[in-house]
Amino acid sequence: QVQLVESGGGLVQDGGSLRLSCAASGRTFSSFARGWFRQAPGKEREFVAAISRIGSTVYADSVKGRFTISKDNAKNTVYLQMNSLKPEDTAVYYCSAGAFAVPDAAKYNVWGQGTQVTVSS
């Protein structure tokens, strides 16, 4: 069983940067695709980015060019570097693990507890 723990959230000003981390424990980290999703108050959870087992990446249009997903198999950790943050990026960010790097939350069967990201204007 894989367990995921996010960190790195916080309060940042419009235009600022944050890097989220998601550490995994349990089964072999490299055998899973990893995704980042986010959920703002009153809204549904939405896809942000994903990285496949071989390192292919996919991004939501809203973050393309600003966010970068990466992973370090030796550290069992996936990262989300977020630059040029906007107030509309404010949400709880969740990392996830699944078989494929796809923008569908239903395809991921392990989730972290979430970390809050707040971008002030």
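One-based numbering along the sequence shown. No experiment lies behind these values; they were computed from the predicted model shown.
In this structure the side chain of V5 reaches within 4.5 angstrom of the side chain of Q113, judged on heavy atoms. Contact check for V58 versus V102: no side-chain heavy atoms found under the 4.5 Å cut-off. The closest side-chain heavy-atom distance from S7 to T115 is not below 4.5 Å.
Cluster membership check: V48 does not share its hydrophobic cluster with W111, using side-chain heavy-atom separations under 4.5 Å among Ile, Leu, Val, Met, Phe, Trp and Tyr. Hydrophobic clustering (ILVMFWY, side-chain heavy atoms < 4.5 Å, transitive): F32 and F47 are in distinct clusters. A chain of hydrophobic side-chain contacts below 4.5 Å, direct or via other Ile, Leu, Val, Met, Phe, Trp or Tyr residues, connects V63 to Y93.
The residues D61 and K64 are annotated as salt-bridged, a charged nitrogen and a carboxylate oxygen being separated by less than 4.0 angstrom.
Separation of atoms OH (Y94) and CD (Q39) is listed at 5.5 Å; rounding is to 0.5 Å. For the atom pair CZ of F100 and OH of Y108, the computed distance is 10.5 Å after rounding to the nearest 0.5 Å. Taking NZ of K107 as the start and CG of N109 as the end, the distance is 11.0 Å to the nearest 0.5 Å. Atom OG of residue S17 and atom CZ of residue F67 lie 9.5 Å apart, to the nearest 0.5 angstrom. One distance of note links CD of Q13 with OG of S120; it measures 5.0 Å at 0.5 Å rounding. In this structure, CD on E6 lies 4.0 Å from SG on C95, to the nearest 0.5 angstrom.
Figure legend: cation-pi geometry between R19 and Y79, with NZ or CZ positioned under 6.0 Å from the six-membered ring centre and within 45° of its axis.
Crowding of E88 atom CD: a count of heavy atoms from other residues, nucleotides or ligands under 6.0 Å exceeding 12.
For K86 (side chain) and V119 (main-chain N/O), no donor-acceptor pair under 3.5 Å exists by modelled atom type.
With V117 as the partner, the side chain to side chain contact (heavy atoms under 4.5 Å, CB included) test is satisfied by one option alone out of L20, L80, D89, V92: L20.
Contact detail for A49 and Y59: the closest heavy-atom pair is CB-CD2, 3.6 Å. Nearest heavy-atom pair across L18 and L85 is N-CD1, 3.9 Å. Here the closest non-hydrogen pair linking T77 and K75 is OG1-O, 2.8 Å. Across every non-hydrogen atom of A91 and R38, the tightest pair is CB-CB, 3.8 Å. The heavy-atom pair separating A50 from A101 by the smallest distance is CB-CB, 3.8 Å.
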- [ ] Go through the steps for R45 and S96 under the test side-chain contact (heavy atoms from CB on, under 4.5 Å), then give the verdict.
- [x] CA-CA 12 Å; R45 189 170 297 190; S96 58; over 6 Å; no

TODO: Kindly indicate, with the supporting measurements, whether the criterion side-chain contact (heavy atoms from CB on, under 4.5 Å) is fulfilled by R66 and M82.
DONE: CA-CA 6 Å; R66 300 188 298 124; M82 305 185 295; over 6 Å; no

